[in-house]
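Here's the structure, in C-alpha cells; my notes come after.
Predicted model, so just to flag it, every value in this text is computed and none were measured. In what follows, chains are A, B, ... by sequence order, proteins preceding strands, each numbered from 1.
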Amino acid sequence: MASLTPPNLSLTSELRQEQFCLTSKCKVCFNALGPSHLNWKPSSLPTSTASALHISCSQGYEVRPTGIPAFSMNLSDTVSDSDVSYVTNMIREYTTNGLFEDAIVVYLEWLNYSVPTQLPFFPSLIKAFAGLLDLRTGRQIHGHVLKFGLFTDVYVANSLLALYWKCGSFEDALQLFENILNRDSVSWNTMISGFDQSMLPLQALMMFRRMVQELGVIPNRVSCLSALSSCSSCGSLVHGKEIHAFVTKNGLDLDPSLVNELIGMYTKCGHLRNAEQVFGIFLERESLSENTVVWNAMISGYVFNGCFLDAFTLFQKMLVLGVKPDSSTIVTVLVLCSHLLDIKVGRQIHGHIVRFGLKLDARIETAMLDMYCKCGEIQDGLNIFERSSNVNFVMWGAMIAGCAQNGCSRKALELFSKFMVEGGLADPITVLAVLRACSSLTLNLNGMETHGLTIKMGFSSDVFIGAALTDMYAKCGDIESAQRIFRGLSERDVISWNALVSGYAQNDYADEALKAFHEMQYELVRPNTVTFASILSVCARLSALILCKQIHCYLIRNRFEANVLLSNSLISAYSKCGNIKSALILFNGVSERNEISWNSMISGLGMHGLVDDMLALFDRMKAAEMKPDHVTFTAILSACGHAGRVDEGWRQFRSMVKDYNIKPELEHYTCMVDLLGRAGHLDQALNMILGMPCQPDGQIWGSLLASCKIHCNEEMAERAADYLFKLDSSRMGYQILLSNIYEDSGKLDNVTMIRTAVKDMGFKKKPGCSWLEVDHNLHVFVANDRSHYQSEQIYATLEILTEEIKGAGYIPQLYPVIIKHDEASG
DNA sequence: CTAGGGTTAG
C-alpha cells in the first residue's frame, strides 16, 4: 500500500446524514456542518489539574435533552464509593446521549476535586473524547491515561484504540495496539474493523491472519464479520473461502449475521453459486428460514450481479413462503423494478407497502421516485416528491436526476435552484445531474455557475464531475474549456476520454478527435461503444473510408458488432464515406434494428440519389411495423428534392401529416422549399415559406435564393434576399449569391455595390478546398492552386475529362467564374 | 466498564 491517507472516520449518525460520501470511486468527503457545532466557548472552570494537562472546555448546550439530569458536584472531603459511582454514572449518561462535552466537564470538575486513584469511568470518558472526533484532544486523554498509570487496564487501552480509529489516525491506533501487552479479542476486533471501515481491507485481513496465528485469542463472530466485509471490499474470494471454512469449523455458521455476511461476500466477489449454497443451507434450518434480512441479502446479491430475474423470482418465493418483507426488501425490489423497467410490479409494490405494514420513509420514497422516473413516469415521481414528508438531499438529487434523464432539463435546473435557495448543500451526485441538464440544454452560463459551485464545494477534481464538466463545456461549444478541464484531471477513465472525443467530434475538430482517440489507447484506456460511435461519426465527416473499415474490423474482432448503436454508426459512416453497398450489407445482416437503423439506411440511400431503393426501404420499414418519425421524413423529402421528384415529395409531405400525424417542422419546410425551388416552382416555394406556422430562418430563405439563381428569377431573388438580410445581413455567402444573380442578369452596378459592401464589412471568403488520402498521404487542393507536385498531370487529366464529358452532352455554365480575380486576391 | 454492520435509497 503506497499511500495510506486515513479518511475521516465514522461521524455520529446525526452528522452522517449531513455528510456526503460518493461511491467508492469518488473520494470526495466533506463535513457539511456549520462551524458552530464544535465551537467551545472559553472555559468558565479551568481547574488546576486540568489546565496543567491542557484540557479545557465549556458546556456548549443551553438546553439539555429531557430526562438527563444536570450534574452538580457536591462532594464531601473524602471521596466515597457513592461519589465515584455518581460521577461514573453521569459520565456514562452524558456520553451515551451524545453530550460529550458535558461528560468531559464532569471529569474536569472531578479532577479539580480529587487526585484519582481508582477511575472506573475512564472507558466511558474516553468514548466521550472519541465523540469529539478531534485527534489532538484525543491524544490529551491518552496522556492522562499514561500519567495515572491506567494503560494496563485492557478496557482503557481498547477504548483509546477505538478513539484513534474514530479520529482517523490509524498510525496512532497501530502504535498503541503494538504496545498493549494483554491484548484481548476486543483489541483485535477493534483493529480489524478499524481497517475494514477505513477501506483498508488488506490490512484488515493481515490483522485477522495475525490474530489466528498468534496464540491466546481465537477470532470470534465479530472478527469474522469484519474480515468477511474486507474480503467483499477487495473482492478476495480466496480469503473469503478461508474465513468461511474457519466459520464452519468453529460452529459459527448458525449465526444469522455471519450467514448474511457470507452471502454478501460471495455475491460481491461475483460467486453467486457459493452464495446460493450458503443461502440454501440457511433455508433448511427452520428456525432461521424466516429471517427477512438474509432473504434481503440474497435478493440484493442477485441485483448487485445484474441477475434481475433471479432476484425477482426469489422475492416471489419469499412472499409465497410467507416471509414478511421489510422496508429494506421493498427498497431493493424497487431498485430491481427500475432495472427491469417494470412499472407494473413497481406500482404493485407501491400499493402493497401499507399492506406489508410498512411506513413510508425517505429511502422507500426515493427508490420509488427513482423507479417511476427510470420507467419514464416522471409525473408519478414528482407526485411522490411533492407529497413526501421525508424529503432530504438524496431525494432532491433523485428528483433532479429523474428530470434530467427524462428530457426535462429545465425542470431539473428549476428544482436545483429551488433546492439551493432553500439552503440545500450541493453534493457531487446531484451536481452531476445538473451538469448533464446544462449540457443537454447547451446552457454554458449555468454550466459555468455549476462549475464554480464544484470548486467552492471542493469536488471539482472528482473523476465523475471532471468528465461531466468536460462534456458540458464541449456540448456548449467551448472546446478550450473542455480541454483545460480534461487536461487538469488527475485520473482519466473511458468516460472522461469519451467526453473529450465526442466533444471534438461534435464541434468539427475531426483531427483532434482522432488524435485523442489514439492518445487514450496509448494511455491504455480501452475505448468502448460510445468512443467508437463518436469516432465513426468523425470517419463519416472526413469520408475516411479506410479508418472506417479498420474500426469495423476491430469491432468484429471484439464482438461489438451486435450493438445497435455501433451498427447504426457503421451504416451511417459507410453511407457518408460513399460506400453504400457496405452499408446495405450491414443493414441487411444485423440482428437488431431500431428506428435509427432504418433512418440511417433510408437517408444513406437518399444521399446517394437512389430514391426508388429508398422508397422501397421505406415500405419495408412500415411493413416491419417501425414508426417513421420526423427524421425519416426529412431524409425522404431531402432525397426527393435532390432527385427532382416533385410529385413524390408532395405525396410524402402530405402523408407525413395525414397518415403519421407528424407536424411538419422547419426542417421539413426547408426540404419542401428546396424541392419546389429546384424544380422551378418558385411561387409555390415562396408561398410555402409565407404560409408555414413556424418562423423562417436564414437557411430556408437562402435555399429559395439559390433556386432563384438556378432559374434566373431576379425579382423573386430580391424578395428572398430582402427577407433573408432582415434576419441576418452578415451572411456573406448569400450576399455573393445575390451578386451572382445580378451578374447573370447583367446588372453590374448592383454587383459592384454588393461586393464593395461585403469588402467594407471586412469579410473574406475562404476558398473552397478539397482533399483526398492516398496511402496515408493527404493531398489538398484549392481552386486555381498549382502547388501540388503532380499538378501538371492533374490538370492535363482534367482537360481530357472535360472534353469527354462535353462529348457526352454536358454544357458547362461559365458565367459565375467572373468573380474569380476578386477571390484569388483575397 | 471496552470492540460490535445482517440487508436498503439518488
Extract all donor-acceptor atom pairs below 3.5 Å that involve side chains of residues 350-359 of chain A and protein atoms in other chains or at least two apart in sequence.
from     : atom 1 : to       : atom 2 : distance (Å)
A:His350 : ND1    : A:Tyr372 : OH     : 2.8
A:His352 : ND1    : A:Gln348 : O      : 3.4

For residues 409-425 of chain A, run the donor-acceptor check on the side chains, cut-off 3.5 Å, and write out each pair with its distance to 0.1 Å, sequence neighbours left out.
from     : atom 1 : to       : atom 2 : distance (Å)
A:Ser409 : OG     : A:Ser440 : OG     : 2.8

Would you tabulate the side-chain donor-acceptor contacts of residues 256-263 of chain A under 3.5 Å, counting partners in other chains and residues two or more places apart, or write 'none'?
from     : atom 1 : to       : atom 2 : distance (Å)
A:Ser257 : OG     : A:Arg221 : NH2    : 3.2
A:Ser257 : OG     : A:Asp255 : OD1    : 3.3

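Using a 4.5 Å heavy-atom cutoff, the side chains of A:Met371 and A:Ile343 are in contact.
Here A:Thr454 pairs with A:Val431, A:His451, A:Phe459, A:Ser460, A:Ile465, A:Leu469 under the side chain to side chain contact (heavy atoms under 4.5 Å, CB included) rule; sequence neighbours left out. Scored by the side-chain hydrogen bond (donor to acceptor under 3.5 Å, both in side chains) test, A:Gln379 finds A:Asn383 as partners (sequence neighbours excluded). Residues forming a side-chain hydrogen bond (donor to acceptor under 3.5 Å, both in side chains) with A:Ser439 (at least two apart in sequence, or on another chain): A:Asp471.
A heavy atom lying under 4.0 Å from DNA chain B marks the following residues of residues 367-387 of chain A, by number: A:Asp370. DNA chain B lies under 4.0 Å from at least one heavy atom of each of the following residues of residues 395-408 of chain A: A:Gly397, A:Ala398.
Residue pairs that meet the side-chain hydrogen bond (donor to acceptor under 3.5 Å, both in side chains) test with at least one member in residues 267-277 of chain A, sequence neighbours left out, are A:Glu276-A:Tyr302. Among residue pairs with one or both ends in residues 211-233 of chain A, none qualify as ring pair (Phe, Tyr, Trp, His ring centres under 6.0 Å); sequence neighbours excluded. Residues in residues 182-205 of chain A take part in these ring pair (Phe, Tyr, Trp, His ring centres under 6.0 Å) pairs, two or more places apart or across chains: A:Trp165-A:Phe195, A:Phe177-A:Trp188.
If you measure from atom CZ of A:Phe304 to atom P of B:dT8, you get 10 Å, rounded to the nearest angstrom. What separates CG of A:Leu358 from P of B:dT8 is a distance of 17 Å, to the nearest Å. Atom-to-atom, CZ of A:Phe416 to P of B:dG10 comes out at 19 Å; the value is rounded to the nearest Å. Between A:Leu336 atom CG and B:dA9 atom P there is a gap of 12 Å when expressed in whole angstrom units. Look at CD on A:Glu93: it is 15 Å from P on B:dC1, rounded to the nearest Å. Between A:His339 atom NE2 and B:dT8 atom P the separation is 12 Å, expressed in whole Å. B:dC1 atom C1' lies 16 Å from atom OH of A:Tyr107, rounded to whole Å. The CZ atom of A:Phe151 sits 20 Å away from the P atom of B:dC1 (whole-angstrom rounding).
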With B for base contact, S for sugar-phosphate-only contact and - for none (protein heavy atoms under 4.0 Å), nucleotides 2-7 of chain B reads BBSBBB
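Residues A:Phe208 and A:His239 keep their aromatic ring centres 6.0 Å or farther apart.
A:Thr88 comes within 4.0 angstrom of nothing in the nucleic acid, heavy atoms only.
Interface remark: the A:Asn390 side chain does not form any donor-acceptor pair with the B:dA9 base, using a distance-only criterion of under 3.5 Å.
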